[in-house]
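Read through the structure below, which is laid out as structure tokens, and then see the notes.
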Amino acid sequence: MSSPHRSFSKDDKDTRDRFCRKMSMQEYELIQDDKEDESCLQKYRKRCMQDMHQRLSFGPKYGYLCELQNGEQFLEAIEKERKTTTVIVHIYEDGIKGCDALNSSLTCLAAEYATVKFCKIKASNTGAGDRFSDEVLPTLLVYKGGELLSNFISVSEQFNEEFFAVDVESFLNEYGLLPERELPALGNGNTDEQDVE
């Protein structure tokens, strides 16, 4: 059995020397290779997670406020879209109170809700300009599957004198017209231990 007063054999001394000596260049390179392998593995995992997120995010991505030029484009934007895609159309005219602020707000929301198609069209370009007098502008129309879900005439009256994207977002969420927010993009390639588990 073992005794506290143990004598060391030559093999034990060799083992101790091996652990106490300095690392060779080959051993150092092997350790560095292991670290690089771990870094590559983390990058691979992150890329796989991004790919999976992309595949699970059904439907096209927009991310901007699209300017429609005429009534034909207006109809195409609504009717030729996927049945699961929400289309929000802002009917406006230059110089009408609230129209510029709503355009700015929708531009911000389009970036946050990339699966929603945000469009704007001048009332005079719709082909039905007589229906959209200055008193009913700005107007928001919300479609899904080609069907009108909601229309908000003089929508800026729902807000304070000065309003922002967060106000429009809250308003649309009250009516259940916006999906849940998109997940934030998965980093820029920098990997942290916490990100990848």
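If you're wondering where the values come from, they're calculated on a predicted model, not measured in any experiment.
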When rounded to the nearest 0.5 angstrom, what is the spacing between CD in E76 and CD in E81?
11.0 Å
Say whether, by atom type as modelled, one donor and one acceptor occur between the side chain of S154 and the main chain of E135 under 3.5 angstrom.
yes
Are more than 12 heavy atoms, taken from residues, nucleotides or ligands other than E72, located less than 6.0 Å from that residue's CD atom?
no
Would you say L68 and L140 are hydrophobically clustered, going by side-chain heavy atoms of ILVMFWY under 4.5 Å?
no
Residues N103, Y92; criterion side chain to side chain contact (heavy atoms under 4.5 Å, CB included); working and verdict
CA-CA 9 Å; N103 275 336; Y92 75 101; 3.8 Å; yes
When you group the ILVMFWY residues by side-chain heavy-atom contacts below 4.5 Å and let the links chain together, are V87 and L172 in the same group?
no
Would you call E147 and K83 a salt bridge, taking side-chain N to carboxylate O under 4.0 Å as the test?
no
Begin with the C-alpha distance, continue with both residues' side-chain angles, and end with the deciding distance and a verdict on side chain to side chain contact (heavy atoms under 4.5 Å, CB included) for E67 and Q73.
CA-CA 9 Å; E67 175 84 43; Q73 285 183 357; over 6 Å; no
Rounded to the nearest 0.5 angstrom, the SG-CZ distance for C66 and F118 is 12.5 Å
If two hydrophobic side chains count as joined below 4.5 Å and joins carry through other members, does L65 share a cluster with Y113?
yes
For the backbone of F163 and the side chain of N160, can you confirm whether one donor and one acceptor N or O come within less than 3.5 Å of each other?
no
Pair T115, K61 - check side chain to side chain contact (heavy atoms under 4.5 Å, CB included), show working.
CA-CA 5 Å; T115 58; K61 302 282 186 195; 3.6 Å; yes
d(K144 NZ, T85 OG1) to nearest 0.5 Å is 8.0 Å
Carefully, step by step, assess F171 and V155 under the rule side chain to side chain contact (heavy atoms under 4.5 Å, CB included).
CA-CA 10 Å; F171 176 76; V155 71; 3.7 Å; yes
Shared ILVMFWY cluster between L178 and Y143, side chains joined below 4.5 angstrom?
no
Could you tell me whether the side chain of E161 reaches within less than 4.5 Å of the side chain of K97, counting heavy atoms only?
yes
Quick check for you: to the nearest 0.5 Å, what is the distance between K122 atom NZ and I96 atom CD1?
11.0 Å
Rounded to the nearest 0.5 Å, the CD1 atom of I91 sits from the NZ atom of K120 at a distance of 13.5 Å
In this structure, which one of V168, V116, L109, L141 forms a side-chain contact (heavy atoms from CB on, under 4.5 Å) with I88?
V116
Give a yes or no answer on whether the side chain of E93 reaches the backbone of S124 with a donor-acceptor pair at less than 3.5 Å.
yes
Does V136 belong to the same Ile/Leu/Val/Met/Phe/Trp/Tyr cluster as F74, with side-chain heavy atoms less than 4.5 Å apart forming each link?
yes
